[in-house]
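Shown next, in structure tokens, is the structure this report addresses.
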2 protein chains.
Amino acid sequence: MLKYSGQIRLLVAVDCIILGFDGEGYKILLIQRGFAPEKKKWSLMGGFVQPQESVDEAASRILGELTGLKSVYLEQLHTFGAPGRDPVERTIAVAYFALIDIQKYEKQLSKEYHAEWFPLKEMPELIFDHSQMVEMAKNRLRYKAALHPILFELLPEKFTLPQLQALYEGLYDTTFDKRNFNRKLLSTGLFVKQKDKDKDSSKKGAFFFKLDQGKYLNNFQAFLKFIPNPEKFLVP
Amino acid sequence: MLKYSGQIRLLVAVDCIILGFDGEGYKILLIQRGFAPEKKKWSLMGGFVQPQESVDEAASRILGELTGLKSVYLEQLHTFGAPGRDPVERTIAVAYFALIDIQKYEKQLSKEYHAEWFPLKEMPELIFDHSQMVEMAKNRLRYKAALHPILFELLPEKFTLPQLQALYEGLYDTTFDKRNFNRKLLSTGLFVKQKDKDKDSSKKGAFFFKLDQGKYLNNFQAFLKFIPNPEKFLVP
DNA sequence: GCAAAAGTGTTAATCTTACACCCATGC
DNA sequence: GCATGGGTGTAAGATTAACACTTTTGC
């Protein structure tokens, strides 16, 4: 089935930037590369696109192999195609980023790949152009989260307002006024207050909220200003 | 230099969505495919990534071959990788979109490809998944133009406020109040009023403006709300 | 002199921000 | 009883949106 003669064919890989939140801060899931070159160095989880699967399917498959997760938020980020980016052989990398709730899935991580969660701020040096991919994923997430309710992909079903605020503050590495923050978030109407409280992180306890799933799915495209002064934080 | 054994290699193509504005409306530059399958059907300008060039370079090269243009706004859009998208042979397509000022460059179009500008709203059926690519490019442009001063890539050096308004109204297929529109745009401080007027499109004539290049380059990332109620128009 | 398009200000409503105190509880 | 973190309201300022008339000039 090779019919465009005279053209070269290239390896096409998928690399996944897997970001998580554990209630404390952002983490990234990395694997220790098991083969040369750069053996033992840390790397994004990746793999080659197979003959019968789409690139999107390859990304899902690779994410599933590492974490056992299906139906995780997964979005194509960017394609990296410099000729020398993989020294072994020219490879085009399509980068995807995934958002997962670490607490929910921690135990499902495959042992096979020596995967480890790193605090995003203490990420080790990565192979090839993977650091650049992570940087781009961070920017994309900041951009998107300023406008769309995407960060809920990182939270458990039930969450508290202080947790939510920590999630936003961690992403933008800043602090927000909790009165204004709560008012803005609640005004979206996306949340349903629960009767029970999270008593783990304070004496008084903070009420749990759940997403109103119907509104969430219908309002994802809603263009909301979740953070003040977005221009300070965003890179287009 | 084939060292990742056992993996298949794929054709990697670049397809360019070339959008222009001619003072009247948005246009898209298409070529008539010169070979089977789908010969004579309309198509985006594309080509294969060559051994020594990056994917970005391939996009620039392909754009240059068709239009003779260098230093045009060109941004990677998305990678399309379904197995059957090109019936001839499996090909991964990295789509880019370009913005150009038609009036400036009209005459440089290469004859070689039977290229033609179509009003974006009267675009013919395209081969493969190219229509989907165009749809995505439109959404991306709408999204980006609502927040960043990107549409100036479509205008000549000197432009008038009514032209600018037509540019925005055309993109969102709506109308804006000209008092509010002018005030909002001018409040960005990105424009320098000229002494001369454009007398072609009205009797009274409209003053020309130029971009303040310094501010434009420094403020591109500025996060401005160029259109009211963006949530009505945007798809994330 | 009139048709056609350019240009210009004000007001009301809404949204955003800054800011400080009380509440509930575990220890 | 006190330390810790959760929860709430208001007022001033800024921004946005709605709205109509005058100006210029080519014909």
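Quick note on labels: first sequence line is chain A, next is B, and so on, each numbered from 1.
Side-chain atoms of A/Lys204 and base atoms of C/dA24 include no donor and acceptor less than 3.5 Å apart. In this model, no side-chain donor or acceptor of A/Arg183 finds a partner on the base of D/dG7 within 3.5 Å. Put simply, the side chain of A/Lys199 and the base of C/dG26 share no donor and acceptor less than 3.5 Å apart. Contact annotation: side chain of B/Lys203 to base of C/dA6, donor-acceptor pair absent below 3.5 Å.
Remark: P of D/dC19 and CZ of B/Phe176 are 16 Å apart, rounded to the nearest angstrom. Distance, B/Leu161 CG to D/dT23 P: 20 Å, rounded to whole Å. Separating the CG atom of B/Leu185 from the P atom of C/dG7 is a distance of 13 Å, rounded to the nearest angstrom. Between B/Lys197 atom NZ and C/dA6 atom P there is a gap of 10 Å when expressed in whole angstrom units. When the P atom of D/dA14 is taken as reference, atom CG of B/Asn180 falls 19 Å away, rounded to whole Å. If you measure from atom CD of A/Glu169 to atom P of D/dG5, you get 14 Å, rounded to the nearest angstrom. Rounded to an integer number of Å, the gap from NZ of A/Lys178 to C1' of C/dC23 is 11 Å. In this structure, the CG atom of B/Asp200 is 12 Å from the P atom of D/dG26, given to the nearest Å.
Residues B/Lys197 and B/Phe208 form no side-chain contact, since every pair of their non-hydrogen atoms from C-beta on lies 4.5 Å or further apart. In this structure, B/Ile18 and B/Leu66 have side chains that are in contact, with non-hydrogen atoms separated by less than 4.5 Å.
Remark: A/Glu57 does not engage A/Arg61 in a salt bridge, criterion side-chain N to carboxylate O under 4.0 Å.
The side chain of A/Arg179 has D/dT8 as its nearest neighbour among C/dG7, C/dT17, D/dT8.
Checked against a 6.0 Å centroid threshold, the rings of A/Phe191 and A/Phe152 count as neighbours.
For the pair B/Gln165 (side chain) and B/Phe176 (backbone), a donor-acceptor distance under 3.5 Å is present.
If you check every strand for non-hydrogen atoms under 4.0 Å, B/Ser201 touches sugar and phosphate atoms only.
Each of B/Asp177 and B/Thr160 has a nearest nucleotide on DNA chain C; the 5'-most of these lies closest to B/Thr160.
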